[in-house]
Amino acid sequence: MVKEDILPEKNKAQPLISVIVPCYNQAQYLDECLQSVLDQTYQNWECIIVNDGSPDNTEEVAKQWTEKDPRFKYLKKENGGLSSARNAGIEIAEGEWILPLDADDKIGKDYLRLAEKEFNAYDLVYAKSSFFGNVNAEWNVSYTSYTNLLIHNSIYCSCFYKKKNGKKLGAMMKI
């Protein structure tokens, strides 16, 4: 168990990143996903695990992580679907930047650190993506325009965006 006194001190110069992990019947993947968050070289983050009414052992797995590190937070809600779960997590997020992360995905250990270096230059930050498991290949990610992104959903969900920009979009944002 990690105690607060041995956690790295939060750096006020670094923005807080809120990682939002919605979960419905994906408890079997959750440990690997959350371990990839814990392994980050960038330390100023919170991770909100949103149990979207899962009948599996999502709650048990999530609570083990909240006991391991206080940066993990747990939210349980009635099943409402992926967008509803993400939005519930975003609503309570304290971070300036939001990173949605599906419960069956994982991120490279330097993803937060490298993305943070680009925050002043961009409103949306993402990186190369690869499939893992049965398929081992790169996902061809492209961003040609904001309009194209809205119409074709050409970027995977795990891209960073400013929370305040998400609020401006309001009902248009169905992430």
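Since this is a predicted model, take the numbers as computed values, not measurements.
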Please evaluate residues L16 and E94 with respect to the criterion side-chain contact (heavy atoms from CB on, under 4.5 Å), reporting the C-alpha separation (whole Å), side-chain torsions for both, the decisive distance (0.1 Å), and the verdict.
CA-CA 7 Å; L16 178 65; E94 296 178 15; 3.9 Å; yes
Between Q40 (side chain) and S36 (backbone), is there a donor-acceptor pair under 3.5 Å?
yes
List the atom pairs, with distances to 0.1 Å, where a side-chain N or O of residues 18-27 and a protein N or O form a donor-acceptor pair under 3.5 Å, not counting sequence neighbours.
{"from": "S18", "atom 1": "OG", "to": "E46", "atom 2": "OE2", "distance (Å)": "2.5"}
{"from": "S18", "atom 1": "OG", "to": "G95", "atom 2": "N", "distance (Å)": "2.8"}

Decide yes or no for V61 and D31: does some side-chain heavy atom of the first lie under 4.5 Å from some side-chain heavy atom of the second?
yes
Any side-chain heavy atom of T58 within less than 4.5 Å of one from L30?
yes
Just jot down the side chain to side chain contact (heavy atoms under 4.5 Å, CB included) partners of Q35, sequence neighbours excluded, or say none.
L38, D39, W65
Sub-4.5 Å side-chain heavy-atom contact between I48 and I90:
no
Heavy-atom donor-acceptor pair, D52 side chain to G80 backbone, under 3.5 Å:
yes
Under a 3.5 Å distance rule, please check whether N87 uses its side chain to pair with a backbone N or O of S83 as donor and acceptor.
yes
Are L112 and V37 close enough that some pair of their side-chain heavy atoms sits under 4.5 Å apart?
no
Is the Y161-W97 ring centre distance short of 6.0 angstrom?
no
Just verifying a value: how many Å separate L34 CG and K68 NZ, rounded to the nearest 0.5 Å?
8.5 Å
Y29, Y111: one ILVMFWY side-chain cluster at the under-4.5 Å cut-off?
no
Exercise: identify the closest heavy-atom pair between I98 and K163
CG1-CB, 3.8 Å
Of all heavy-atom pairs between R71 and Q43, which one has the smallest distance, and what is that distance?
NH1-O, 2.9 Å
Using the side-chain contact (heavy atoms from CB on, under 4.5 Å) rule, take L75 and I92 through it: C-alpha gap first, then chi angles, then the decisive distance, then the call.
CA-CA 9 Å; L75 174 64; I92 66 167; 4.1 Å; yes
Are the side chains of C33 and D104 in touch, meaning some heavy atoms are under 4.5 Å apart?
no
Residues, nucleotides or ligands: over 12 heavy atoms within 6.0 Å of K76 NZ:
no
Taking all non-hydrogen atoms of both residues, which atom of A85 and which atom of K77 are closest, and how far apart?
CA-CD, 3.9 Å
Salt bridge E67-K63, side-chain N to carboxylate O under 4.0 Å:
no
May I ask you to decide if G81's main-chain N or O and R86's side chain share a donor-acceptor pair within less than 3.5 Å?
no
Crowding at OH, Y42 (>12 non-hydrogen neighbours, <6.0 Å):
yes
Under 3.5 Å, is there a donor-acceptor pair between the side chain of N57 and the main chain of E60?
no
Show the numbers, then the answer: is there a side-chain contact (heavy atoms from CB on, under 4.5 Å) between F119 and E96?
CA-CA 10 Å; F119 286 171; E96 178 183 347; over 6 Å; no
Looking only at heavy atoms, what is the nearest atom pair of T41 and R113, with distance?
OG1-NE, 3.3 Å
Heavy-atom pair with the smallest gap, counting every atom of F72 and I49:
CD2-CD1, 4.2 Å
